Amino acid sequence: MSVLTSAPGTAPSAQEPPDAGARHKLTSLTGLAALSLDAMASVAYGPEAIVLVLAAAGGHGLGFTLPVTLAIAVLLAVLVASYRQVIAAFPDGGGSYAVARTHLGRRTGLVAAASLVLDYVLNVAVAVTAGVAALTSAFPGLHDDRVWLCLAVLALITGVNLRGIADSARAFVVPTAVFIGSVLAVIVVGLFRSAPVSAQAAAGHASALSDQATAVGALLLLKAFASGCSALTGVEAIANAVPSFRAPGVRRAQRAEVALGVLLGVMLIGLSVLISRFGLQPVQGVTVLAQLTEASFGHHLAFYVVQFATMVLLALSANTSFGGLPVLLGLLARDNFLPHVFGLKADRQVHRHGVLALSAVSAALLVLSGGDTNTLVPLFAIGVFVGFTLAQTGMVVHWRGVRGPKWAGKALLNGLGALLTGVGAVVVTATKFHDGAWLIVVALPLLVACFECVNRAYGRIGERLGVGRIPDPPYRTRSLVVVPVSSLTRLTSEALTAAVSLGDEVRAVTVCHPDSEDLSRAESLARDWELWNPGVPLVRLDSDRRTVGRPVAAYVRALTAADPGVRITVLVPEAEPAHVWQRLLQNQRGAVVAHAVRHETEAVVCRLRFRLLDTRPS
């Protein structure tokens with residue numbers, strides 16, 4: 001038997017002419033708005049994560065905020081350069097999953113994919129909770145309703161993304177520009193201040209500065225570095241979603257990646273300079289960005305504008321996951337590691353099932369975390385670091401194989417990035433293990449196991465179906481169509497008409513129970529059938545139990561046993577009401593029969609729907 005060239009068990013995909021869906025794809029600008037919001041908005045909680053760790057060493061520890069941020073900025077530059085290479089080397093997207101699967105093996109690729117899935121899901125929860133935290137910092141009265149606010153924001157983002165990534169990107173361009181402009185204004189104005197203009201927002205809030213300050217050692221600095229690297233989440237999203245860009249997709253994606261790196265680096269360093277300049281101390285209930293904004297502008301209109309812009313963009317930064325994860329799930333489905341339904345695209349290039357699955361899991365996380373950002377951030381960072389490390393390790397192998405001009409320098413760059421992010425992964429896992437990071441340590445292998453389980457299932461299905469091999473030529477066999485009926489109606493006539501068109505032989509069957517009412521009905525039907533004389537025999541199936549599905553299934557099994565070579569089709573006639581609410585009026589006998597035959601026999605089940613038109617006068 002000869003072998004086909006197509007890969008076995010791959011998910012179906014529609015073939016479109018080049019640029020057929022260009023208007024539903026991204027430019028460099030809209031790509032920045034759709035896929036970089038996570039990274040840019042993380043300046044609202046990245047510096048805060050650094051400050052909260054360093055606060056354990058008291059005021060002296062806060063003095064290391066800028067050096068730690070500069071180290072993160074260096075890593076950011078390495079990551080941006082690395083992911084520009086990933087975009088060029090893997091234009092079909094997939095980011096660290098594609099790199100690791102190609103150069104480090106299938107199992108390592110699945111670990112990268114699992115880390116990305118966890119990263120994207122947690123990003124949605126972190127982004128939404130951080131956005132709502134910015135709102136409650138300005139309006140403390142809303143603090144008790146933060147979970148409901150989080151769910152409302154998530155529902156809004158999900159609805160926008162179901163319309164397509166290009167539409168969501170266009171909708172988010174203005175909020176992105178307002179946020180970037182606001183943060184840069186805070187930095188520029190703050191640099192001209194010798195002291196904070198106001199500290200009203202932090203007044204009355206308990207300080208997060210430790211009363212028993214520890215020494216500033218290497219472990220504390222590593223922990224602050226690892227926590228602050230949460231600001232780098234989303235750097236990989238553009239590389240994961242290269243197919244979402246208009247042609248030339250690689251060039252547009254690389255431009256968006258560089259723009260992201262420049263903007264994020266400037267904002268991170270600028271905010272850290274202000275933290276050191278103003279001697280800011282973290283307090284409970286008020287974000288670091290809110291304090292910096294008040295220090296630069298005062299507690300006036302500009303303060304609320306920045307808080308509102310921060311809230312909006314933090315909430316919308318969840319869109320990065322909605323742009324990247326469905327594409328990744330589609331690639332996993334293509335490789336038979338997820339159900340193929342995730343590989344299907346709706347109109348506007350939307351992976352609808354991926355969007356809905358992401359929304360559902362994120363909603364569960366929001367409820368379980370109580371809408372608290374600090375509960376989720378430690379979990380968030382681990383998946384990010386694992387993905388970064390595997391992607392850059394894979395790129396080292398890539399350059400060793402490809403070589404070419406300056407390959408050694410490129411490999412060294414990727415190796416340095418892998419080392420730094422690997423250290424970050426180990427540190428944040430060790431330091432946050434008892435704070436909930438153990439969940440990721442458990443979830444990561446479980447997710448990989450699920451991928452493997454799905455892949456094995458598709459392998460068994462493919463082997464059974466002979467997927468990838470040319471099948472035997474079709475041949476004709478005798479066919480028998482069984483039609484369950486309960487009365488003489490137009491539906492019965494339509495069903496028999498369809499049946500005689502499908503099969504060589506047709507038999508109508510009716511189920512009769514041993515009570516006087518059913519016996520009388522069956523006898524009446526037999527008399528009417530004889531008078532009607534449709535040319536199809538009516539078989540009465542007597543049953544002691546009050547069921548209709550099993551007697552029909554038993555009759556089909558008996559027919560198969562008597563003639564194993566016959567091809568049996570059970571045609572179940574059903575009326576399709578004119579209005580949805582009228583389905584409540586139906587007895588669902590057709591569904592019961594179809595279910596029993598499908599599960600208890602090898603017969604083909606065909607459900608004939610007869611549409612009932614609304615005949616009421618208009």
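What you are looking at is a predicted structure, and each value in this text was computed from that prediction instead of being measured. Here, residue 1 is the first one in the sequence, and each next residue gets the next number. Keep in mind that the numbers below use all heavy atoms, side chains included, and drop hydrogens, waters and symmetry copies.
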Derivation of the side chain to side chain contact (heavy atoms under 4.5 Å, CB included) call for Ile275 and Leu292: CA-CA 7 Å; Ile275 291 172; Leu292 290 176; 3.9 Å; yes

Working for side chain to side chain contact (heavy atoms under 4.5 Å, CB included), residues Gln254 and Ile238: CA-CA 8 Å; Gln254 287 180 325; Ile238 294 173; over 6 Å; no

Test of understanding: with side-chain hydrogen bond (donor to acceptor under 3.5 Å, both in side chains), list the residues that count as partners of Ser182, not counting sequence neighbours. none

Rounded to the nearest 0.5 Å, how far does CG of Leu332 lie from NE2 of His340? 11.0 Å

About how many Å separate CE of Met395 and NE2 of His103, when rounded to the nearest 0.5 Å? 6.5 Å

Nearest-0.5 Å distance, CG of residue Leu390 to CG of residue Leu116: 9.0 Å

By side-chain contact (heavy atoms from CB on, under 4.5 Å) - contacts of Leu331 (at least two apart): Tyr97, Arg334

Which heavy-atom pair separates Val386 from Val111 by the least distance, and what is that distance? CG1-CG1, 4.2 Å

So CE of Met267 and CG of Leu184: to nearest 0.5 Å the spacing works out to 6.5 Å

Within residues 70-79 or reaching into it, pairs that qualify as side chain to side chain donor-acceptor pair (under 3.5 Å) - sequence neighbours excluded: none

Are any of the side-chain heavy atoms of Leu366 and Trp148 separated by less than 4.5 Å? no

Before giving the answer on side chain to side chain contact (heavy atoms under 4.5 Å, CB included), spell out for Val80 and Leu260 the whole-Å C-alpha distance, their side-chain angles and the decisive distance to 0.1 Å. CA-CA 8 Å; Val80 168; Leu260 164 64; 5.7 Å; no

Kindly give the heavy-atom pair with the smallest separation between Tyr83 and Ala391, and that separation in Å. OH-CB, 3.6 Å

Could you list the donor-acceptor pairs under 3.5 angstrom formed between side-chain atoms of residues 412-423 and any protein atom two or more places apart in sequence or on another chain?
{"residue": "Asn414", "atom": "OD1", "partner": "Trp399", "partner atom": "NE1", "Å": "2.9"}
{"residue": "Asn414", "atom": "ND2", "partner": "Ser82", "partner atom": "OG", "Å": "3.0"}
{"residue": "Asn414", "atom": "ND2", "partner": "Gln85", "partner atom": "OE1", "Å": "3.3"}
{"residue": "Thr421", "atom": "OG1", "partner": "Thr389", "partner atom": "OG1", "Å": "2.9"}
{"residue": "Thr421", "atom": "OG1", "partner": "Gly417", "partner atom": "O", "Å": "2.8"}
{"residue": "Thr421", "atom": "OG1", "partner": "Ala418", "partner atom": "O", "Å": "3.3"}

Verify side chain to side chain contact (heavy atoms under 4.5 Å, CB included) between Val361 and Tyr120, making sure each step is shown before the conclusion. CA-CA 11 Å; Val361 176; Tyr120 279 134; over 6 Å; no

What is the distance from atom OG1 of Thr393 to atom CZ of Phe388, rounded to the nearest 0.5 Å? 13.0 Å

Taking the side chain from Ser115 and the backbone from Ala112, do they hold a donor-acceptor pair closer than 3.5 Å? yes

Write down the atom of Val178, the atom of Ala309, and the distance for their closest heavy-atom approach. CG1-CB, 3.9 Å

Considering residues at least two apart in sequence or located in another chain, which fulfil the side-chain hydrogen bond (donor to acceptor under 3.5 Å, both in side chains) criterion with Thr69? Ser272

Which atom of Pro91 lies closest to which atom of Val242, heavy atoms considered: O-CG1, 3.3 Å

Hey, could you give me the CG/OG distance between Leu271 and Ser296, rounded to the nearest 0.5 Å? 9.0 Å

For the pair Arg277 (side chain) and Leu191 (backbone), establish whether a donor and an acceptor sit closer than 3.5 Å, ignoring hydrogens and angles. yes

Within a strict 4.5 Å, meaning less than it, do heavy atoms of the Leu365 and Leu122 side chains meet? yes

Residues which pass side-chain hydrogen bond (donor to acceptor under 3.5 Å, both in side chains) with Thr102, listed by chain and number, not counting sequence neighbours: none

Side chain proximity check, Val124 to Phe322, heavy atoms < 4.5 angstrom: yes

If you define the side chain from C-beta out and look only at heavy atoms, does anything of Leu118 sit under 4.5 Å from Val121? no

Parallel, tilted or perpendicular: which one describes the rings of Phe90 and His398, with boundaries at 30° and 60°? tilted

Which atoms form the tightest heavy-atom contact between Gly190 and Leu274, and what is the distance? C-CD2, 3.6 Å

Minimum heavy-atom distance Ile187-Val266, with the two atoms named: CD1-O, 4.1 Å

